[in-house]
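Here the structure is laid out as structure tokens; the discussion comes afterwards.
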Amino acid sequence: MTPSVGGVFHIAAFSWYAFVLRSLAAKDGEKLPAGIFLYGGPWKYLTFLNLLLQALFFGLAAVTDLQRGKSWERPLSRCKDLLFSVFAFPVGTFVVLLFWTIFSYDRELVYPATIDTFFPPWMNHSMHTLVLPVLLGEVAVQPHVYPQTKHALATLGVVGVAYLLWIVWVYLSVGIWVYPLLGHFSTAGLVGFFFLNMSVVNLLFLLGHKLNSLIWTGRFKQQVNGKKSTHR
């Protein structure tokens, strides 16, 4: 892929997420399903936080594309690669996989039918489906430099614990779990469910690293071999 293709992709992806977030903001003031934004508003939902994360990443990627050859390109590229490899890809993929797994089993545990009157189907898919193909498109469009695995997994662990503490705080404050599913677990079950989810996120980080290596190591080898053949 040429840099121009990557630049267009980043601008298109950022514009899409900006549109989705703007559409969500436009819902403010409408009659909400009971308890949906009680305490913490949308900030307690991993889906919403992930939308902000994706918008931040693609916005940063678009800005970085505009800095080619300039002094800011290198530090911006480092931030972009860190944001994608450690957060955007594993968290975004996790949101899609976990949501549709639970939804297929019993939607009332994660996305009650009453929400359909508030979020139309296209908005549901923009939050819980299209995230994955956009991320896979990013993997195909541009290579990313991954940090050391132990540092990345430690960072994911810290962020994961912080989010767990946040949703527990919400429950202790208003007596309502962010997701109805969590109300079916005992304390030990909640701990087990959390560690299971963190294990999946860690595996998704490793998957992203593997995909990045498989796609771009092969392409770089082809480029090197092509240059060698032209000089013979």
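Just so it is clear, the structure is predicted and the values come from calculations on it, not from any experiment.
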Under the side chain to side chain contact (heavy atoms under 4.5 Å, CB included) test, which residues partner [X], sequence neighbours left out?
| X | answer |
| --- | --- |
| Leu190 | Trp177, Leu182, Phe185 |
| Thr101 | none |
| Val201 | Pro90, Phe94, Leu156 |
| Leu66 | none |

If you compare all heavy atoms of [X] against all heavy atoms of [Y], which two are closest, and at what distance to 0.1 Å?
| X | Y | result |
| --- | --- | --- |
| Tyr163 | Leu46 | OH-N, 3.2 Å |
| Phe9 | Val141 | CG-CG2, 4.1 Å |
| Thr47 | Tyr179 | N-OH, 3.9 Å |
| Ala88 | Gln54 | O-NE2, 3.0 Å |

Could you list all the salt bridge (Lys or Arg N to Asp or Glu O under 4.0 Å) pairs where at least one residue sits in residues 134-157, not counting sequence neighbours? none
Any heavy-atom pair between the side chains of Val95 and Val131 that's under 4.5 Å? no
Only counting residues at least two apart or in another chain, list the ones meeting salt bridge (Lys or Arg N to Asp or Glu O under 4.0 Å) with Arg107. Asp116
Just to verify, what does Glu73 make a salt bridge (Lys or Arg N to Asp or Glu O under 4.0 Å) with, not counting sequence neighbours? Arg68
To the closest 0.5 Å, what do you measure between CG (Leu135) and CG (Leu204)? 10.5 Å
Criterion side chain to side chain contact (heavy atoms under 4.5 Å, CB included) on Phe89 and Asn212, from CA distance to verdict: CA-CA 11 Å; Phe89 183 85; Asn212 183 73; over 6 Å; no
Check the angle between the aromatic planes of Phe205 and Tyr146 and answer parallel, tilted or perpendicular using the 30° and 60° thresholds. tilted
Please work out whether the ring planes of Phe48 and Trp43 are parallel, tilted or perpendicular, with thresholds of 30° and 60°. perpendicular
Shared ILVMFWY cluster between Val20 and Ile11, side chains joined below 4.5 angstrom? no
Are Val158 and Val161 co-members of a hydrophobic cluster defined by side-chain heavy atoms under 4.5 Å apart? no
Applying side-chain hydrogen bond (donor to acceptor under 3.5 Å, both in side chains), can you list everything that pairs with Asn202, at least two apart in sequence or on another chain? none
Run the ring pair (Phe, Tyr, Trp, His ring centres under 6.0 Å) test against Phe87 and tell me which residues pass, sequence neighbours left out. none
Return the set of residues passing ring pair (Phe, Tyr, Trp, His ring centres under 6.0 Å) with Phe103 (not counting sequence neighbours), or none when no residue passes. Phe99, Trp100
Which residue pairs pass the side chain to side chain donor-acceptor pair (under 3.5 Å) test with at least one member in residues 80-90, sequence neighbours excluded? Lys80-Gln142, Asp81-His144
Side chains of residues 119-127: which donor-acceptor partners sit under 3.5 Å, not counting sequence neighbours?
unit_1: Asn124; atom_1: OD1; unit_2: His128; atom_2: ND1; d: 2.6
unit_1: His125; atom_1: ND1; unit_2: Thr129; atom_2: OG1; d: 2.9
unit_1: Ser126; atom_1: OG; unit_2: Met123; atom_2: O; d: 2.6

